[in-house]
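In what follows, a single structure is set out as structure tokens and then discussed.
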Amino acid sequence: MCYHCAMTLLASAAAAPAPLVDPHGRRVSYLRLSVTDRCDFRCSYCMPENVAFLPKRDVLSLEELDAVARAFVRLGVSKLRITGGEPLVRRNVLSLFQSLGGLVGSGLRELTLTTNGSQLGRLAVPLYGAGVRRVNVSLDTLDPGRFGRLTRTGHLQPVLDGLAAAKAARLKVKINAVVIKDFNEDELLDLVRWCGARDFDITFIEVMPLGELTPGVRLSQYLSLAEVRRRLGEHLSLVPADKDTGGPSRYYFCEETGGNVGFIAPMTGNFCDNCNRVRVTCTGTLYPCLGQNTARSLRDIVRADPTADSPELEAAIRGAVARKPKGHDFALHHALAGAADEVAVSRSMNTTGG
Ligand code: SAM
Ligand code: SF4
């Protein structure tokens with residue numbers, strides 16, 4: 001390396017802001033950014049059927065969301081997941097992917113999204129073009145009738161078509177399936193095999209006590225993933241995989257299908273020690289922990305100065321990370337111990353972004 005290049009490298013290293021590290025020594029490297037609270041589905045575990053969405057003026061513009069995401073990348077975030085609500089129903093959302101996709105390889109390691117899949121038929125190819133390589137698609141049942149009842153407004157076939165389009169576009173797909181007692185527990189083995197046949201990974205998720213609940217409902221839907229793993233293990237060889245995402249997932253390699261099977265057990269799993277993530281809602285509220293109410297609004301700051309290197313924005317982000325709780329406390333164990341069903345945090349998943 002010549003002297004000039006070495007000096008330039010040194011200067012840029014000196015200018016790079018310090019990474020985000022919380023008081024418990026955990027480095028924040030993963031941002032989940034919700035771009036809308038709106039959705040074309042009304043999944044019963046996620047939002048009420050007659051949900052009132054936020055007034056548009058409260059929601060950050062695509063340019064403001066872009067500035068927030070860039071600010072995090074500047075501060076060392078290397079993985080960015082776009083979520084919602086349903087991120088792909090937001091008008092012109094592709095322009096946000098195209099803009100942020102430009103950061104992949106220079107600071108950003110991965111740009112990805114979580115979607116219900118309904119719009120993938122038309123968007124899979126442009127998403128790949130924007131730099132997305134992996135998508136998480138939520139699919140809890142392969143039965144059209146059950147799918148309709150669960151999502152209330154959704155239809156299974158467009159999602160299946162969207163998944164086929166994603167595969168054809170060379171997007172790596174992971175299916176997320178929420179396990180619901182007495183609803184889809186008889187389909188879980190089929191789901192694993194169905195995913196294996198398509199080269200999709202699958203992750204099972206415990207129902208979480210978020211949002212408004214009718215007393216007793218969420219608890220009655222709860223089935224522990226330890227039990228799910230035990231049942232699947234009667235039919236499949238699940239070998240623990242050496243894969244730490246810094247998140248709540250535990251992965252197994254399924255010898256029969258050749259795919260990975262993950263389990264996200266926020267209720268019973270202990271995973272906060274390695275937590276590397278924070279969330280920003282579509283209104284610009286930064287939540288350092290999904291299961292706690294600690295929060296910091298970035299909205300007025302980014303509206304006053306919608307640039308990624310705004311010192312006020314950086315200070316607000318650092319201030320919130322400095323208050324990242326040591327761990328979540330969904331407290332379902334109280335409910336499981338016999339107390340009333342509990343809501344750990346009052347916001348719905350579509351507000352915080354799943
Ligand atoms: N609309 C997109 C989707 O459904 O994938 C992204 C947003 S959604 C809120 C993100 C994830 O949260 C989905 O996988 C959904 O199944 C999950 N989810 C929503 N409410 C939940 C709850 N109460 N417990 C567990 N998972 C939940
Ligand atoms: Fe929409 Fe996703 Fe919530 Fe279902 S889980 S209502 S698809 S945001």
Side-chain angles (χ1 to χ4, degrees), residues 32-51 53-54 81-90 93 112-120 123 134-141 146-156 158-159 162-163 166 173-181 183-184 191 201-214 217-225 228 247-249 262-269 277 279-282 287 290-291 328 330 332 335 341-354:
R32 299 170 75 105
L33 178 64
S34 173
V35 299
T36 180
D37 65 324
R38 287 163 199 258
C39 188
D40 47 345
F41 294 178
R42 299 285 184 278
C43 301
S44 57
Y45 50 61
C46 180
M47 57 173 82
E49 193 162 10
N50 57 354
V51 60
F53 291 119
L54 294 164
R81 178 177 299 281
I82 305 298
T83 180
E86 174 45 45
L88 298 184
V89 300
R90 173 131 190 197
V93 75
T112 183
L113 76 150
T114 300
T115 172
N116 65 23
S118 68
Q119 310 299 312
L120 277 177
L123 289 176
R134 297 195 304 152
V135 288
N136 286 2
V137 182
S138 303
L139 180 63
D140 307 325
T141 174
R146 284 184 184 178
F147 189 92
R149 286 198 295 285
L150 180 71
T151 61
R152 294 182 180 125
T153 54
H155 298 283
L156 180 62
V159 174
L163 284 164
V173 172
K174 180 163 78 69
I175 298 294
N176 282 341
V178 177
V179 173
I180 307 162
K181 193 167 185 284
F183 178 74
N184 63 355
L191 273 166
D201 289 339
I202 180 165
T203 294
F204 293 110
I205 307 176
E206 281 177 350
V207 163
M208 288 184 259
L210 296 171
E212 283 177 55
L213 301 181
T214 313
V217 168
R218 203 68 86 235
L219 178 59
S220 69
Q221 294 176 334
Y222 177 77
L223 179 63
S224 104
L225 291 192
V228 172
S249 316
F263 297 88
I264 301 188
M267 312 307 308
T268 49
R277 61 196 62 191
R279 294 170 156 80
V280 172
T281 68
C282 60
Y287 285 98
L290 176 65
H328 68 218
F330 283 136
L332 191 70
D341 200 349
E342 294 188 33
V343 183
V345 285
S346 56
R347 55 190 188 276
S348 296
M349 198 68 139
N350 72 307
T351 314
T352 324

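Counting starts at 1 for both ligands and their atoms, following the listed order.
- Atoms of ligand 1 lying under 4.0 Å from any heavy atom of Val207, numbered from 1 in the order shown and given with element: 24 (N), 25 (C).
- Less than 4.0 angstrom separates some heavy atom of Met47 from each of these atoms of ligand 2: 6 (S).
- When the options Lys174, Arg32, Arg81 are evaluated for a side chain to side chain contact (heavy atoms under 4.5 Å, CB included) with Thr112, the one that passes is Arg81.
- The distance from ligand 1 to the heavy atoms of Thr83 drops below 4.0 Å at these ligand atoms: 6 (C), 7 (C).
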Decide side-chain contact (heavy atoms from CB on, under 4.5 Å) for Val228 and Leu223; before the verdict, give the C-alpha distance in whole Å, the side-chain angles of both, and the deciding distance to 0.1 Å.
-> CA-CA 8 Å; Val228 172; Leu223 179 63; 4.0 Å; yes
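- Under the 4.0 angstrom criterion for non-hydrogen atoms, Gly84 is in contact with ligand 1.
- Shortest non-hydrogen contact noted between Asp37 and Phe53 is O-CE2, 3.1 Å.
- For Cys43, every N, O or S atom stays at 2.8 Å or more from atom 1 (Fe) of ligand 2.
- Side-chain contact annotation: Glu206 with Tyr222, donor-acceptor N/O pair under 3.5 Å present.
- The shell of residues lying under 4.0 angstrom from ligand 2, judged by heavy atoms, includes Gly85.
- Taking every heavy atom of Thr115 and a limit of under 4.0 angstrom, the matching atoms of ligand 1 come to 2 (C), 3 (C), 5 (O).
- At least one N or O atom of Tyr45 sits closer than 3.5 Å to an N or O atom of ligand 1.
- Proximity of a side-chain donor or acceptor of Asp140 to a complementary backbone N or O of Val178 within less than 3.5 Å is detected.
- The distance from ligand 2 to the heavy atoms of Phe41 drops below 4.0 Å at these ligand atoms: 6 (S), 7 (S).
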Checking side-chain contact (heavy atoms from CB on, under 4.5 Å) for the pair Tyr45/Leu150: CA distance, chi angles, key distance, verdict?
-> CA-CA 8 Å; Tyr45 50 61; Leu150 180 71; 4.0 Å; yes
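- For the pair Met208 and ligand 1, the shortest N or O to N or O distance falls below 3.5 Å.
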Would Leu139 and Asn176 satisfy side-chain contact (heavy atoms from CB on, under 4.5 Å), going step by step from the backbone distance to the final call?
-> CA-CA 6 Å; Leu139 180 63; Asn176 282 341; over 6 Å; no
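- Aromatic ring orientation, Phe147 versus Phe41: perpendicular (interplanar angle above 60°, classes split at 30° and 60°).
- For Val89, the side chain to side chain contact (heavy atoms under 4.5 Å, CB included) criterion is met by Asp40, Glu86, Gln119, not counting sequence neighbours.
- Contacts with ligand 1 closer than 4.0 Å are made by side-chain heavy atoms of Val178 only, the backbone lying farther away.
- Scanning Ser44, Ser138, Cys46, Gly85 for the heavy atom closest to atom 5 (O) of ligand 1 points to Ser138.
- Scanning Arg38, Glu86, Glu206 for the heavy atom closest to atom 25 (C) of ligand 1 points to Glu206.
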